[in-house]
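Both ligands and their constituent atoms are indexed starting at 1 by order of listing.
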Amino acid sequence: MIRLNDVTLTFPDGDARVTAVDRVSLTAHPGTVTGITGPSGSGKSSLLAVAGTLLRPDSGEIMIDGHDITALSRADATQLRRDRIGIVFQQSNLIPSLTAREQLRVMNELGASRSRRRRAAAGDRADELLAAVGLAEHGHKRPHQLSGGQRQRVNIARALMNDPSVLLVDEPTSALDQERGAEIIDLILKLTDERDTSTLLVTHDLVHLPRMHGVLHLVDGRVVDAAVPVR
Ligand code: ADP
Ligand code: MG
């Protein structure tokens with residue numbers, strides 16, 4: 001579970017500062033997808049960055065599975081991110097020279113001990129996840145041999161490699177047509193349910209919002225409208 005309490009993030013802007021996230025609070029429970037929407041520049045990506053420990057907020061509290069991540073050292077935050085958070089960035093950042101299967105397996109090599117048993121387990125997990133995102137037959141392909149939607153599926157599978165409790169996804173449909181986009185949203189809903197992640201999903205595509213468990217609408221970094229289930 002992830003809970004943000006009164007989180008503010010500012011960036012330097014000349015002599016002043018711009019407030020990208022303005023006193024945002026939210027709670028996302030396991031097995032649910034919370035949609036985050038709002039116009040360009042409203043702070044959606046900034047909100048995901050603080051939720052994912054990539055940026056430290058100016059103030060406020062961010063609790064992940066009971067840990068306040070704003071109180072952690074940089075090293076501990078990195079460790080927590082690796083263990084508990086899966087992130088799908090707005091720009092695909094697949095490595096051109098690696099196959100789909102290798103993109104997933106490399107997640108296991110980062111900072112981890114590389115016993116043979118772990119490597120074998122990582123291979124099995126990569127195959128299982130590629131199957132879960134509909135790419136069982138495509139694990140040997142490199143990014144340029146995959147369609148945009150297939151690449152997005154690899155990004156999602158990769159984010160799930162370390163079995164995160166929080167899944168953060170930024171505009172996963174922006175480069176896809178309507179039908180391919182809807183399939184990606186379906187997949188994120190399905191995986192959230194199956195793997196019990198607390199998922200935050202940024203999208204400016206309003207057609208997808210009714211299928212989510214809760215929605216936050218941001219304007220200028222502030223929550224202006226929230227439809228969040230009572231649980
Ligand atoms: P969105 O994802 O909704 O388009 P962002 O979170 O990217 O919005 O941006 C929110 C605000 O923060 C904007 O005013 C943007 O210009 C500013 N911003 C985002 N990242 C930075 C940065 N690294 N440095 C300075 N300003 C930034
Ligand atoms: Mg953005």
(message) To the closest 0.5 Å, what do you measure between OG1 (T27) and CZ (R3)?
(response) 4.0 Å
Write 'none' if nothing qualifies; otherwise put on separate lines each N/O atom of ligand 1 with a protein N/O atom under 3.5 Å away and their distance to 0.1 Å.
{"residue": "ligand 1", "atom": "2 (O)", "partner": "S45", "partner atom": "N", "Å": "2.9"}
{"residue": "ligand 1", "atom": "2 (O)", "partner": "S45", "partner atom": "OG", "Å": "2.9"}
{"residue": "ligand 1", "atom": "3 (O)", "partner": "S42", "partner atom": "N", "Å": "3.2"}
{"residue": "ligand 1", "atom": "3 (O)", "partner": "S42", "partner atom": "OG", "Å": "3.4"}
{"residue": "ligand 1", "atom": "3 (O)", "partner": "G43", "partner atom": "N", "Å": "3.1"}
{"residue": "ligand 1", "atom": "3 (O)", "partner": "K44", "partner atom": "N", "Å": "3.0"}
{"residue": "ligand 1", "atom": "3 (O)", "partner": "K44", "partner atom": "NZ", "Å": "2.8"}
{"residue": "ligand 1", "atom": "4 (O)", "partner": "G41", "partner atom": "N", "Å": "2.7"}
{"residue": "ligand 1", "atom": "6 (O)", "partner": "S46", "partner atom": "N", "Å": "2.9"}
{"residue": "ligand 1", "atom": "6 (O)", "partner": "S46", "partner atom": "OG", "Å": "2.6"}
{"residue": "ligand 1", "atom": "8 (O)", "partner": "G43", "partner atom": "N", "Å": "3.1"}

(message) Please determine whether S45 has a backbone or side-chain N, O or S atom lying under 2.8 Å from the Mg ion (ligand 2).
(response) yes
(request) Kindly indicate whether the side chain of V21, heavy atoms from C-beta on, has any atom under 4.5 Å from the side chain of L218. (result) no
(message) The test is side chain to side chain contact (heavy atoms under 4.5 Å, CB included); show your working for Q178 and V207 and say whether it passes.
(response) CA-CA 10 Å; Q178 191 78 46; V207 301; 3.3 Å; yes
(message) Check D65 with R84, please: is the shortest side-chain N to carboxylate O separation under 4.0 Å?
(response) yes
(request) Evaluate the side chain to side chain contact (heavy atoms under 4.5 Å, CB included) criterion for residues H140 and R101: first the C-alpha distance (whole Å), next the side-chain angles of each, then the deciding distance (0.1 Å), finally the verdict. (result) CA-CA 6 Å; H140 62 287; R101 191 166 188 269; over 6 Å; no
(message) Closer than 4.0 angstrom, basic N to acidic O: yes or no for K190 and E183?
(response) no
